[in-house]
Structures are given as C-alpha cells and as structure tokens.
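All remarks here apply to the structure that follows.
Residue indices begin at 1 and follow the sequence shown.
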Amino acid sequence: MHSLLFSLILLFAALPAQNKGPVQTAHRRSPYVGAIAIDVQSGRVLREDNSNKECYPASCTKLMTLRLTLKAIKEGKLDLEDRVYASRVAIQEKPSSLGLKEGESISVKSALGAIMVKSANDAAVMLAEKVAGSKAAFIEMMNEEARALGMTSTKYVTPNGYPPGASKRGYDVSTAADLAKLGLAILKEQPEALEYTSIITLNIPEIKARDGRLLDMQNHNNFLWKKQWRMKEVDGLKTGYHDAGGSSIVLTGSRQGKRALVVVVGSASAVERDTAAGRLMSDALGALVW
C-alpha cells in the first residue's frame with residue numbers, strides 16, 4: 001500500500017503544470033487594458049474601450065523619441081547623416097539592442113530605423129544623448145512634449161520604455177488615449193516618420209552578423225509582413241512589450257486616402273493584441289471609406 005501511494009506521488013509530481021493562461025494584472029489583461037480607434041484627418045474617435053486606463057507602453061515609448069528627433073532635424077539642430085555614438089550609458093541598455101561597443105557610431109538615420117524596426121534600446125539612448133546632451137535632459141524634453149500634446153496621464157522615465165528591473169525609478173506610464181494623441185501628432189506633423197515605421201527589413205552598414213554579412217533586422221509589427229496578420233494598408237507605427245505591461249501597439253493604415261489610427265495597450269499576449277488591433281483597423285478603414 002505504501003509502495004503504491006509513493007508511486008502515485010511520484011507520478012503526479014512528474015506531470016507538467018497545467019497552463020493557467022496568460023498572466024492578468026492591472027497593466028496586462030485579456031484581451032487588453034484599453035483601446036481606441038481614430039479618424040486621423042478629423043481626429044474623431046471611431047471606437048474606444050477603457051482608453052483612459054493606465055498602461056505601461058513599453059517600447060511604444062520610442063514614438064516620443066522618434067518625434068523629438070524628427071523635430072530636431074526639422075529645426076536644423078540635427079542632420080540625418082550626423083553620427084550618434086554608443087556611450088557608456090547607452091551600452092548598458094539591455095536587449096533588444098544593437099550591441100555596439102563604447103565609442104562605436106551609426107548615423108541618425110540608421111538609429112531612427114533601429115528604434116522603429118529593431119526596437120533597439122541602446123539606439124534610443126544614443127539619440128536621446130545626441131538631441132538633448134544627456135539621457136536625463138531628453139526625458140525632461142519628452143515630458144514637456146507630452147504636456148504640450150495634452151497627454152495628461154503620461155509620464156516618461158526612459159527614452160525606450162524598458163522596465164525598471166531592480167532599480168526604483170518606476171515604469172513609463174501612459175494610456176491608449178494619450179498614445180493616440182502622440183500618434184496623431186506624428187502622422188499630421190511628421191509624415192516622414194512613416195519612412196521608418198514601414199520598413200520591413202532593416203540593414204545597418206555597421207551592424208554585421210558573425211559571418212560578416214549585413215544583419216537583417218525584422219520589424220516587430222506583424223501587420224507589415226507576417227502572413228497571418230499582414231494588412232496591405234498598414235505602414236506603422238510601433239509595437240511594445242514587457243512582462244509587466246503586456247503587449248501594446250500603435251497601428252496606422254490608409255485606404256483610398258483615408259487614414260485610421262488604432263491603439264491597443266496591455267494585452268496579455270501578442271496574439272490578443274494583434275487580433276484586437278486588426279479588427280479595429282479593419283472596422284475603422286471600412287467605416288472611413290463607406
């Protein structure tokens with residue numbers, strides 16, 4: 001009897017744990033924390049669901065880094081061919097990254113592609129230091145711009161959205177509605193941003209694979225190229241993910257001259273995020289060209 005009981009205990013101990021589904025938290029839920037769809041031309045909200053609920057935008061934070069860099073270029077303070085350097089601060093950023101060594105450099109143009117396609121955290125810091133002189137000064141600029149855009153529920157603490165880890169600095173915080181305000185400003189005032197957000201595969205001359213060939217960097221936006229998700233109308237903008245904040249996306253696409261912007265934040269999985277965002281984008285574009 002004792003032998004049989006012992007055998008059963010061993011058997012159940014060896015069984016794999018049951019899949020309890022995606023983690024649910026205040027900032028990561030099924031199907032999402034918040035969502036919104038907007039007509040870009042008029043700014044009219046086509047649909048929204050908990051769009052003012054707090055989220056952790058993760059790498060969608062890099063959209064503000066893109067905006068401020070493009071503003072600096074337009075103001076003549078920066079040129080696309082200027083070099084940005086991997087500082088001691090930048091190389092400490094964890095992946096996703098370009099993995100540059102201290103002192104190595106790439107062009108501003110390549111760095112913009114890297115933050116939109118590769119979602120490179122080190123490249124975001126390199127741009128921040130180039131534009132503002134320091135990472136801290138750039139974060140101040142980010143929050144000033146957020147206030148100017150009416151993003152009242154947004155607070156930036158990084159130029160890339162990376163989570164705090166063991167540090168006590170806290171998370172970048174936003175909402176679907178606030179990210180939509182940022183997306184609208186970029187699309188209306190900086191349409192050149194789409195040149196970077198629509199790239200499917202990026203090569204940077206200075207970044208090579210171990211065999212010496214140029215390294216192919218694939219865009220994280222599945223709607224641009226993955227067979228299951230691809231929508232020919234989509235040309236941006238940015239995805240984001242980390243464990244605490246889940247999966248988010250700021251998505252844009254156009255049909256017959258009409259453009260829609262969709263934001264889905266805090267999905268418990270990338271599949272849930274893309275399912276919701278794809279449905280919202282399809283419905284929005286359908287309504288705009290009706």
Side-chain angles (χ1 to χ4, degrees), residues 56-70 72 78 80 82-139 141-142 156-167 169-172 193 196-222 224-225 236-250 270:
Y56 296 153
S59 283
C60 292
T61 295
K62 294 183 177 81
L63 286 173
M64 182 59 85
T65 300
L66 171 73
R67 176 167 174 78
L68 292 178
T69 303
L70 292 177
L78 202 61
L80 285 173
D82 286 346
R83 307 297 290 183
V84 290
Y85 291 85
S87 67
R88 185 168 299 180
V89 173
I91 65 172
Q92 292 174 359
E93 295 293 320
K94 296 180 180 179
S96 179
S97 69
L98 297 178
L100 294 169
K101 297 178 181 178
E102 186 175 356
E104 292 182 332
S105 69
I106 58 176
S107 69
V108 169
K109 183 177 181 180
S110 291
L112 287 171
I115 66 171
M116 290 295 102
V117 177
K118 175 72 171 174
S119 202
N121 293 319
D122 51 357
V125 173
M126 291 161 65
L127 286 170
E129 292 175 332
K130 185 70 172 182
V131 171
S134 72
K135 181 178 174 181
F138 189 79
I139 292 167
M141 289 178 62
M142 294 173 75
Y156 291 115
V157 294
T158 73
N160 51 33
Y162 197 82
S167 74
R169 62 165 164 77
Y171 291 89
D172 298 280
Y196 304 97
T197 65
S198 63
I199 297 171
I200 295 175
T201 304
L202 176 70
N203 300 121
I204 297 176
E206 296 84 356
I207 310 296
K208 294 182 172 62
R210 291 182 178 180
D211 60 5
R213 293 183 297 176
L214 288 177
L215 187 66
D216 288 341
M217 303 177 196
Q218 205 77 8
N219 201 308
H220 295 175
N221 187 343
N222 294 330
L224 290 172
W225 64 278
L237 287 168
K238 187 73 184 75
T239 63
Y241 169 81
H242 58 57
D243 284 346
S247 294
S248 300
I249 190 168
V250 181

- Query: Quick check: are there more than 12 heavy atoms from other residues, nucleotides or ligands sitting under 6.0 Å from CZ of Arg169?
  - Reply: yes
- Task: Would you indicate whether Lys208, at its atom NZ, is surrounded by more than 12 heavy atoms from other residues, nucleotides or ligands within a distance under 6.0 Å?
- Result: yes
Taking side chain as C-beta onward, heavy atoms only, is [X] less than 4.5 Å from [Y]?
X: Gln92; Y: Asp122; answer: no
X: Ile106; Y: Val84; answer: yes
X: Tyr162; Y: His242; answer: no
X: Phe138; Y: Leu68; answer: yes
X: Tyr171; Y: Pro163; answer: yes
X: Met116; Y: Ile199; answer: no
X: Met126; Y: Ser87; answer: no
X: Glu206; Y: Ser105; answer: no

- Task: Look only at the side chain of Asp172 and the backbone of Thr158, and say whether a donor-acceptor pair between them is shorter than 3.5 Å.
- Result: yes
- For Thr61 and Ala58, indicate whether the former's side chain and the latter's backbone hold a donor-acceptor pair under 3.5 Å. yes
- Message: Could you walk me through whether Met141 and Val131 satisfy the side-chain contact (heavy atoms from CB on, under 4.5 Å) test, starting with their C-alpha distance in whole Å, then the side-chain angles of each, then the deciding distance to 0.1 Å, before giving a yes or no?
- Response: CA-CA 10 Å; Met141 289 178 62; Val131 171; 4.0 Å; yes
Considering all heavy atoms of both residues, which atom of [X] and which atom of [Y] are nearest to each other, and what is their separation?
X: Ala120; Y: Leu98; value: CB-CG, 3.8 Å
X: Cys60; Y: Val250; value: SG-CG2, 4.1 Å
X: Pro159; Y: Ala128; value: CB-CB, 4.1 Å
X: Val117; Y: Met217; value: CG1-O, 3.5 Å
X: Ala193; Y: Leu70; value: CB-CD1, 3.8 Å
X: Tyr156; Y: Ile139; value: O-CG2, 3.4 Å

- Derivation of the side-chain contact (heavy atoms from CB on, under 4.5 Å) call for Ser134 and Glu129: CA-CA 4 Å; Ser134 72; Glu129 292 175 332; 5.6 Å; no
- Message: Under a 3.5 Å cutoff, is there a donor and acceptor pairing between the side chains of Lys238 and Ser59?
- Response: no
Under the side chain to side chain contact (heavy atoms under 4.5 Å, CB included) rule, collect the residues that match up with [X], sequence neighbours excluded.
X: Lys109; result: Leu80, Glu81, Ser107, Tyr196
X: Leu224; result: Ile200, Asn219, Asn221, Val234
X: Ser96; result: Lys118
X: Ile91; result: Ala86, Glu102

Once you round to the nearest 0.5 Å, how far does [atom1] of [X] lie from [atom2] of [Y]?
X: Ile249; Y: Thr239; atom1: CD1; atom2: OG1; value: 6.0 Å
X: Leu214; Y: Ile207; atom1: CG; atom2: CD1; value: 10.0 Å
X: Ser97; Y: Asn121; atom1: OG; atom2: CG; value: 7.0 Å
X: Asn203; Y: Leu215; atom1: CG; atom2: CG; value: 8.0 Å

- Message: Which residues pass the ring pair (Phe, Tyr, Trp, His ring centres under 6.0 Å) test with Tyr241, not counting sequence neighbours?
- Response: none
- For side-chain contact (heavy atoms from CB on, under 4.5 Å), just list the numbers for Leu127 and Leu112, CA-CA rounded to whole Å, side-chain angles, deciding distance to a tenth of an Å, and then say yes or no. CA-CA 8 Å; Leu127 286 170; Leu112 287 171; 4.0 Å; yes
- Query: With sequence neighbours excluded, what pairs up with Glu93 under the salt bridge (charged side-chain N to carboxylate O under 4.0 Å, His left out) test?
  - Reply: Lys135
- Message: Let's go through Thr69 and Leu78 carefully: what are the C-alpha distance in whole Å and the side-chain angles of both, what is the deciding distance for side-chain contact (heavy atoms from CB on, under 4.5 Å) to 0.1 Å, and is it a yes or a no?
- Response: CA-CA 8 Å; Thr69 303; Leu78 202 61; 3.9 Å; yes
